[in-house]
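I have placed the structure first, in the form of structure tokens, so that the comments after it can refer back to it.
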Amino acid sequence: MIRITCPHCGPRDHDEFSYAGDAGKLRPADPEAASAEDWHRYVYLRDNPRGPHLEFWHHVQGCRAYVKVLRDTATHEVLATGLPQDDLEAAR
Ligand SMILES: [Zn+2]
């Protein structure tokens, strides 16, 4: 069972959340200057790491906020959680 600590609601079962994507992807800083290849990489290409991975989860059955989660994909251990703007890299 995966337990995710929502910054607003506290520890909750992951069944209350929906996976909302890779939190490691950054939108091109200057959208007008970005090439089609830049957009292709941002929209479609994803890594598939074994180990710590930054993810967004949507607390659908709770406060409906987006939560940033650092989760180990091999063990499903949640290493850190925070608000979407929080830097969780120190927990790696
Ligand atoms: Zn919540």
Side-chain angles (χ1 to χ4, degrees):
M1 175 171 64
I2 302 173
R3 298 281 287 179
I4 296 173
T5 301
C6 173
H8 305 288
C9 307
R12 296 289 192 271
D13 190 278
H14 83 285
D15 285 348
E16 293 187 11
F17 296 80
S18 282
Y19 180 74
D22 186 338
K25 287 288 182 181
L26 296 178
R27 187 180 173 88
D30 183 354
E32 299 298 324
S35 68
E37 180 57 32
D38 293 336
W39 283 108
H40 176 77
R41 267 196 306 274
Y42 170 70
V43 173
Y44 294 110
L45 300 185
R46 296 291 178 264
D47 295 330
N48 189 19
R50 179 179 173 86
H53 185 237
L54 272 179
E55 304 169 333
F56 286 121
W57 287 74
H58 185 203
H59 199 181
V60 175
Q61 294 180 23
C63 64
R64 303 194 61 80
Y66 285 89
V67 178
K68 187 184 275 183
V69 175
L70 183 64
R71 180 179 65 91
D72 189 310
T73 60
T75 64
H76 299 299
E77 180 185 2
V78 174
L79 304 169
T81 61
L83 299 171
Q85 65 272 24
D86 289 346
D87 181 6
L88 305 182
E89 292 297 329
R92 275 189 197 265

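Starting from 1, each residue takes its place in the sequence as its number. Quick caveat, the model's predicted, so the values are computed rather than measured. No hydrogens, no waters, no symmetry mates; every other heavy atom, side chains included, goes into these values.
Put simply, CD on E77 and CZ on R3 are 14.5 Å apart, with the number rounded to the nearest 0.5 Å. In this structure, D13 CG and I2 CD1 are separated by 8.5 Å, a value rounded to the nearest 0.5 Å. Rounding to the nearest 0.5 Å places OG of S18 at 8.0 Å from CD of Q61. For the atom pair SG of C63 and NE2 of H58, the computed distance is 8.0 Å after rounding to the nearest 0.5 Å.
Counted by atom type alone, H76 and R71 present one or more donor-acceptor pairs between their side chains at under 3.5 Å.
Under a cut-off of 6.0 angstrom, the local environment of CD in E32 is sparse, with at most 12 non-hydrogen atoms contributed by other residues, nucleotides or ligands. Annotation for N48: atom CG does not count as buried by contact number, only 12 or fewer foreign heavy atoms lying within 6.0 Å.
I4 and V60 are not part of a single hydrophobic cluster, where members link through side-chain heavy atoms under 4.5 Å apart. Both V78 and Y19 are members of a single hydrophobic cluster when ILVMFWY side chains are connected at heavy-atom separations under 4.5 Å. Linking Ile, Leu, Val, Met, Phe, Trp and Tyr whenever their side-chain heavy atoms come within less than 4.5 Å leaves L79 and V69 in two separate clusters.
The heavy-atom pair separating P52 from L70 by the smallest distance is CB-CD1, 4.0 Å. In plain terms, the two heavy atoms of T73 and P49 that are nearest each other are OG1-O, 2.7 Å. The two residues K68 and D86 come nearest to each other via the heavy atoms NZ-O, 2.8 Å.
Side-chain contact between L83 and V67: absent, with no pair of heavy atoms (C-beta onward) separated by less than 4.5 Å.
Looking at T5, its side chain never comes within 3.5 Å of a backbone N or O of G10 through a donor-acceptor pair. With hydrogens and angles disregarded, a donor-acceptor distance shorter than 3.5 Å links the side chain of R12 to the backbone of C9.
Y42 and W39 have perpendicular rings, their planes meeting at more than 60° on a 0 to 90° scale where under 30° would count as parallel.
F17 pairs by the ring pair (Phe, Tyr, Trp, His ring centres under 6.0 Å) definition with H59, not counting sequence neighbours.
Screening residues 38-54 for salt bridge (charged side-chain N to carboxylate O under 4.0 Å, His left out), with sequence neighbours left out, gives E37-R41, D38-R41.
Taking the six-membered ring for Trp and the full ring otherwise, W57 and Y66 have centroids separated by 6.0 Å or more.
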